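Quick note on labels: first sequence line is chain A, next is B, and so on, each numbered from 1. Treat the numbers as computed from the prediction; the structure is a model and nothing was measured.
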There are 2 protein chains.
Amino acid sequence: MQNRQAITILAALAQESRLAVYRLLVEHAPEGLAASAIAEKLGLPNATLSFHLKELSHAGLVSSRQSGRFIYYAPVMEAMDELVGYLTDHCCSQSGGTCAPARRVTAGKRRPASA
Amino acid sequence: MQNRQAITILAALAQESRLAVYRLLVEHAPEGLAASAIAEKLGLPNATLSFHLKELSHAGLVSSRQSGRFIYYAPVMEAMDELVGYLTDHCCSQSGGTCAPARRVTAGKRRPASA
DNA sequence: TTGATGATTCTATAATCATGGAAATATGGA
DNA sequence: TCCATATTTCCATGATTATAGAATCATCAA
């Protein structure tokens with residue numbers, strides 16, 4: 001995962017409403033939830049939710065699919081997986097610290113050791 | 001880890017200069033680096049760096065200790081560990097998804113299963 | 001004390017982000 | 001077609017964040 005993409009994802013999650021949306025979607029994975037359901041559960045105005053969904057979508061954290069008049073949003077687990085991988089690979093001690101070493105290899109996509 | 005703290009940490013990392021500072025400090029853990037060394041390595045003006053260091057510090061991601069005229073900044077690994085724990089616990093699928101299940105138990109600080 | 005250096009704070013400015021009402025754009029059913 | 005509903009876009013407003021020069025504060029050496 002590239003630096004810039006990590007920042008985009010971090011920024012997408014670093015906002016109360018968006019984090020709440022994402023967590024809610026994770027609870028309802030993998031089907032996801034319609035925008036109207038999200039708005040109702042979180043008490044967000046349509047326009048506000050749409051703005052945040054666009055941010056999450058742009059960051060690659062959620063996907064959407066249309067079903068009739070509804071648009072279902074679902075979390076993209078791979079994005080979160082890559083973020084966690086980025087953090088453990090680049091932002092944790094590589095020398096026996098607490099957060100890095102136990103990281104499992106999920107996909108072969110992370111760099112060896114250097115920062 | 002509380003929701004609000006997670007957002008604070010995510011926001012602290014979701015900025016190019018700050019992420020660069022943090023990664024640089026991780027490379028130099030556990031001693032850390034003096035502010036002047038960080039500024040030089042990253043090409044940041046003093047005032048700008050100081051602003052970002054304060055953000056990181058406020059988020060609990062870095063600690064500082066004075067040594068003569070120098071102030072050394074070092075990464076706080078526990079904060080990153082807790083963030084990764086928060087993400088895997090609350091933002092990953094709990095039902096066999098890719099990012100959650102292999103998470104080791106580092107400290108007994110995370111909630112059982114619910115979100 | 002004085003001077004040099006490291007670091008932070010003050011301050012102003014610019015840029016970005018969040019909010020939400022209102023209007024516009026689908027979609028499907030009658 | 002016409003209507004109701006789901007969702008997004010438009011737009012204005014307010015709030016927050018990033019930047020960095022200049023001033024200030026802190027520490028040490030002579």
note = To the nearest 0.5 Å, atom CE of A:Met77 lies from atom CD of A:Glu82 at 14.0 Å
message = Hydrophobic clusters here meaning ILVMFWY residues chained together by side-chain heavy-atom distances under 4.5 Å, can you tell me if A:Ile7 and A:Val84 are in one?
response = yes
Rounded distance [0.5 Å steps], CE in A:Met1 versus CD1 in A:Ile9 = 3.5 Å
ask   = What distance do A:Gln5 atom CD and A:Leu10 atom CG have between them, rounded to the nearest 0.5 Å?
value = 10.5 Å
message = I'd like to know if B:Val76 and B:Leu49 are part of one continuous hydrophobic network [Ile/Leu/Val/Met/Phe/Trp/Tyr, side-chain heavy atoms within less than 4.5 Å].
response = no
task = Please tell me if the side chains of B:Met80 and B:Tyr22 come closer than 4.5 Å, counting only heavy atoms from C-beta onward.
result = yes
remark   = Once base and sugar-phosphate atoms are separated, protein heavy atoms under 4.0 Å mark nucleotides 24-30 of chain D, 5' to 3', with B, S and - as ---BS--
key: Interatomic distance, B:Leu42 CG vs C:dA7 P [rounded to whole Å]   = 14 Å
Residue of the set B:Leu13, B:Thr88, B:Leu61 for which side-chain contact (heavy atoms from CB on, under 4.5 Å) holds with B:Leu83 = B:Leu13
query = Counting just side-chain N and O atoms, does B:Gln15 come under 4.0 Å of either OP1 or OP2 of D:dT16?
reply = no
query = What is the distance from CD of B:Glu40 to C1' of C:dA7, rounded to the nearest Å?
reply = 15 Å
inquiry  = Is there a path of hydrophobic side-chain contacts, each under 4.5 Å between heavy atoms, that joins B:Leu56 and B:Phe51?
reply    = no
request  = For the residue pair B:Phe70 and B:Ser36, establish whether any side-chain heavy-atom pair is separated by less than 4.5 Å.
outcome  = yes
task = Would you kindly confirm whether B:Leu25 and B:Tyr72 end up in one hydrophobic cluster when ILVMFWY residues are joined by side chain heavy atoms under 4.5 Å apart?
result = no
key: Length of the CD1-C1' vector between A:Ile71 and D:dT5, whole Å   = 13 Å
key: Integer-rounded Å distance: C:dT27 P and A:Tyr72 OH   = 15 Å
query = Contact class for B:Ala39 (heavy atom, under 4.0 Å): base, sugar-phosphate, or nothing?
reply = nothing
query = Between residues 46-53 of chain A and DNA chain C, which residues have a heavy-atom gap below 4.0 Å?
reply = A:Ala47, A:Thr48, A:Phe51, A:His52
Residues from residues 55-63 of chain A lying under 4.0 Å of DNA chain C - heavy atoms = none
message = Whole angstroms only, please: what is the CZ-C1' distance between B:Arg18 and D:dA18?
response = 8 Å
ask   = Between D:dT8, C:dA7, D:dT9, which one does the side chain of B:Ser36 approach most closely?
value = C:dA7
Rounded distance in Å - CZ (A:Arg65) to C1' (D:dA6) = 15 Å
inquiry  = Can you give me the closest heavy-atom contact between A:Ala39 and A:Asn46, atom names plus distance?
reply    = CB-OD1, 4.3 Å
remark   = Out of C:dT8, C:dG20, C:dT19, minimum distance to the side chain of B:Ala35 belongs to C:dT8
ask   = A:Ile7 CD1 to D:dT17 P: how many Å, rounded?
value = 16 Å
inquiry  = What is the separation between atom CD on A:Glu16 and atom C1' on D:dA15, rounded to the nearest whole Å?
reply    = 15 Å
ask   = Would a 4.5 Å heavy-atom cut-off, applied to side chains only, mark B:Leu24 and B:Lys41 as touching?
value = yes
